[in-house]
Student: 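What follows is a single structure, and I will ask about it in a moment.
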Number of protein chains: 2
Amino acid sequence: MMNALLRKLERFETLTRGERDAVEQLCAGAVHHRGDEQVGQAGTIPILLHGFAYRFKLLSDGRRQIHGLFVSGDLCRHIYGHLAGQGECGVRTLTPSLVASVQVTTLLAVMEEHPRIAKALWANTVADDALLREWVVSLGRRTAYERMAHLFCEVFLRLRAVGQAEGESCDLPLTQMDLGDLMGLSTVHVNRVLQQLRRDGLIALKGSQLTIRDVGVLSRAADLDPSYLGLDTLPSSGRTGTARAQIA
Amino acid sequence: MMNALLRKLERFETLTRGERDAVEQLCAGAVHHRGDEQVGQAGTIPILLHGFAYRFKLLSDGRRQIHGLFVSGDLCRHIYGHLAGQGECGVRTLTPSLVASVQVTTLLAVMEEHPRIAKALWANTVADDALLREWVVSLGRRTAYERMAHLFCEVFLRLRAVGQAEGESCDLPLTQMDLGDLMGLSTVHVNRVLQQLRRDGLIALKGSQLTIRDVGVLSRAADLDPSYLGLDTLPSSGRTGTARAQIA
DNA sequence: CGCCTTGTTGAATACTGTCAATACACGTGG
DNA sequence: CCACGTGTATTGACAGTATTCAACAAGGCG
């Protein structure tokens with residue numbers, strides 16, 4: 001299987017042989033983590049090569065908000081976060097995962113040497129930003145029902161783009177509590193909304209397997225605008241091209 | 001008065017004379033806009049040199065969510081957004097503003113020639129990302145009351161950092177409807193929460209002038225963690241230093 | 001088998017939104 | 001100077017959404 005980070009970066013910039021080697025090199029020291037384990041030492045950027053992880057913040061009274069959900073190929077923290085200040089937040093795995101914890105200094109050196117890698121990493125940062133903005137829209141203005149539908153569409157489409165969906169199904173290793181902390185809802189309410197979605201025939205969810213009956217219908221229920229994903233809208237099996245001219 | 005973009009970038013990277021000139025050059029063609037006016041043609045990045053603006057998204061039935069609030073020195077859209085896909089969203093001014101609408105191609109050329117400017121711009125992107133994450137936390141897990149308090153703290157501290165606060169007061173050119181679309185609340189509820197904040201003696205708000213009685217008290221009510229702002233926590237008159245070592 | 005986590009359910013409560021009416025401020029035109 | 005219109009702020013009553021609390025079911029694991 002192709003290196004997940006490489007695949008991700010090539011979504012933004014076609015890389016040369018040497019650049020690809022450099023990227024592979026970065027991932028060389030990747031280590032396996034168990035599920036529900038904190039990752040990302042100070043001074044490193046955790047890159048998720050396989051598995052699921054999330055980024056969250058705790059309020060002083062224990063309330064938790066998840067503000068990032070990561071799949072294969074995702075950077076779990078941003079480059080230059082040390083310059084920008086990024087609040088206190090943690091990164092944890094959801095499932096057993098393969099993660100490369102790259103030293104920030106190493107990464108900076110690689111970017112220095114390979115400007116095109118730097119460019120792709122920057123574009124990646126911006127793509128994550130778009131996801132986050134859409135998340136804000138969901139939390140602020142979508143109903144719980146739409147929010148859930150939207151989340152499921154997003155996860156499914158992202159996983160499909162990295163070849164981790166089979167047909168209409170994908171893995172979704174989140175408890176109802178996790179879903180609540182993701183979407184700003186209580187566990188109980190998540191449960192009820194989930195039942196409604198099932199009753200309406202939009203999804204099936206057993207264990208950690210999510211099945212979407214009809215992506216079109218679900219995305220309409222979610223009021224989803226697929227352009228924010230930066231993926232070719234509804235490819236049937238992943239892999240997006242490289243060049244893409246677009247509205248500003 | 002110093003160029004607002006320059007000030008912003010030097011928060012992340014000290015620039016040489018030539019670099020500063022290049023930045024000034026970028027802003028040379030800035031034009032004045034009236035309040036409540038759309039900015040940012042396709043293919044350009046709007047840079048706000050003076051005034052207030054916001055970035056928002058409309059759902060299909062007209063619900064609006066604001067997911068970015070800009071003050072002097074802010075980029076209203078991200079570089080490489082054209083590669084990443086960034087959803088459909090608009091940028092509008094809130095007040096009469098001075099904005100430089102820089103061609104993406106121009107900006108790319110400048111970054112090519114001045115890597116340190118590129119670096120600062122990237123760090124700026126990451127700083128905005130941190131703001132957005134905190135916004136997600138607010139929308140997802142803070143009560144309406146905390147959310148408002150948090151927003152007021154953030155705006156005040158950001159404005160103070162660019163020298164636009166006087167003592168405990170700053171400008172806040174937002175209607176209650178805007179505040180609602182910012183914080184995911186209805187106008188009516190915004191009104192009630194505002195009254196509560198006033199009754200509790202935390203803020204005063206007349207016209208577009210916000211006065212904070214005690215930043216410490218308000219930020220405690222907001223459960224605010226100042227590290228996400230990337231500003232020296234509570235400087236009394238703005239300007240932050242340049243070097244900053246920090247937790248990852 | 002018993003413990004622990006996760007999922008499910010009901011009832012009561014709290015929070016937030018909607019609707020509709022009224023008040024206020026400002027700028028325009030008479 | 002005043003009448004009027006528009007946009008904003010405020011209020012009350014009511015409906016709807018979501019949370020809390022508490023209990024119980026189901027499955028995995030030692």
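To find a chain, count down the sequence lines: A is the first, B the second, and so on, and within it residues start at 1.
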Student: Do B/F52 and B/V71 touch side chain to side chain, with heavy atoms closer than 4.5 Å?
Tutor: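 A side-chain contact under 4.5 Å exists here.
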Student: To the nearest Å, how far apart are B/K206 NZ and C/dC24 P?
Tutor: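 So the two atoms are 18 Å apart, to the nearest Å.
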Student: Rounded to the nearest angstrom, tell me the gap between atom CG in B/N191 and atom P in C/dA21.
Tutor: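 Between P of C/dA21 and CG of B/N191: 18 Å.
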Student: Would you compute the distance between atom CD1 of B/I203 and atom CZ of B/R198 and round it to the nearest 0.5 angstrom?
Tutor: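 Here the rounded value is 6.0 Å.
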Student: Evaluate A/H150 against A/Y228 for ring pair (Phe, Tyr, Trp, His ring centres under 6.0 Å), listing each step before the verdict.
Tutor: CA-CA 12 Å; A/H150 198 276; A/Y228 84 100; 5.6 Å; yes
Student: Atom CG of A/L197 to atom P of C/dT8: distance rounded to whole Å?
Tutor: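 For the pair A/L197 CG and C/dT8 P, the rounded distance is 13 Å.
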Student: Quick check for you: to the nearest 0.5 Å, what is the distance between A/L49 atom CG and A/D74 atom CG?
Tutor: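 These two atoms lie 10.5 Å from each other.
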Student: Assess whether atom CZ of A/R199 is packed by more than 12 heavy atoms of other residues, nucleotides or ligands within 6.0 Å.
Tutor: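 It does: A/R199 CZ has more than 12 such atoms within range.
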Student: Between A/Q41 and A/T44, do the side chains contain an N or O donor and an N or O acceptor separated by less than 3.5 Å?
Tutor: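 No, no side-chain donor-acceptor contact under 3.5 Å.
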Student: Can you check the A/L179 CG to D/dT19 P distance for me, whole Å?
Tutor: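 In whole Å, D/dT19 P and A/L179 CG are 13 Å from each other.
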Student: Heavy-atom distance under 4.5 Å between the side chains of B/T143 and A/R63, does that happen here?
Tutor: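 Counting from C-beta outward, B/T143 and A/R63 do come under 4.5 Å.
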Student: Give the nucleotide from the list C/dA11, C/dT18, C/dT6 with an atom nearest to the side chain of A/R192.
Tutor: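 Nearest nucleotide to the side chain: C/dA11.
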Student: Would you indicate what B/G180 reaches in the nucleic acid, counting non-hydrogen atoms under 4.0 angstrom: base, sugar-phosphate, or nothing?
Tutor: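 If one applies the 4.0 Å heavy-atom cut-off, B/G180 turns out to touch nothing in the nucleic acid.
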Student: Could you state the atom-to-atom distance from CE of B/M183 to C1' of C/dT16 in whole Å?
Tutor: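 Result: 14 Å.
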Student: Mind calculating the distance between CG (A/L174) and C1' (C/dG7) to the nearest angstrom?
Tutor: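 Atom CG in A/L174 sits about 15 Å away from atom C1' in C/dG7.
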Student: For A/G184, which contact category applies under a 4.0 Å heavy-atom criterion: base, sugar-phosphate, or nothing?
Tutor: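 Since only primed, P, OP1 and OP2 atoms lie under 4.0 Å of A/G184, the category is sugar-phosphate.
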Student: Roughly, in whole Å, what's the span from CG in B/D36 to P in D/dT6?
Tutor: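 Atom-to-atom, B/D36 to D/dT6, this comes out as 17 Å.
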Student: Which parts of residues 137-149 of chain B get close to DNA chain C, meaning a heavy atom less than 4.0 angstrom away?
Tutor: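 When residues 137-149 of chain B is checked for heavy atoms under 4.0 Å from DNA chain C, the hits, listed by number, are B/A144.
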Student: In whole angstroms, how far is the P atom of D/dT10 from the NE2 atom of B/H189?
Tutor: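 For the pair B/H189 NE2 and D/dT10 P, the rounded distance is 15 Å.
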Student: Taking any heavy-atom pair under 4.0 Å as a contact, classify B/L185: base, sugar-phosphate, or nothing.
Tutor: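 Contact class for B/L185: sugar-phosphate only.
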Student: Between C/dT8, D/dG12, D/dT20, which nucleotide has the shortest distance from any of its atoms to the side chain of A/S186?
Tutor: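 The answer is D/dT20, which lies nearest to the side chain.
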Student: Please work out if A/R198 contacts a base, only the sugar-phosphate, or nothing of the nucleic acid, heavy-atom cut-off 4.0 Å.
Tutor: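 Since only primed, P, OP1 and OP2 atoms lie under 4.0 Å of A/R198, the category is sugar-phosphate.
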Student: Give a yes/no on whether any side-chain N or O of A/Q176 is located under 4.0 angstrom from OP1 or OP2 of C/dT8.
Tutor: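 Looking at the OP1 and OP2 atoms of C/dT8, one of them is under 4.0 Å from a side-chain N or O of A/Q176.
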Student: Of the listed nucleotides (D/dA9, C/dG7, C/dT9), which one gets closest to any side-chain atom of B/T175?
Tutor: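 Selected nucleotide (nearest to the side chain): D/dA9.
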Student: Between A/D129 and B/R77, does any NZ, NE, NH1 or NH2 come within less than 4.0 Å of an OD or OE carboxylate oxygen?
Tutor: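 Result for this pair is no, no salt bridge flagged.
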Student: OP1 or OP2 of D/dA9 sitting under 4.0 Å from any side-chain N/O of B/Q195?
Tutor: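 Checking D/dA9 against B/Q195, no side-chain N or O comes under 4.0 Å of OP1 or OP2.
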Student: Starting at the 5' end of DNA chain C, which residue's closest nucleotide do you reach first, A/V188 or B/T187?
Tutor: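 Closer to the 5' end of DNA chain C: A/V188.
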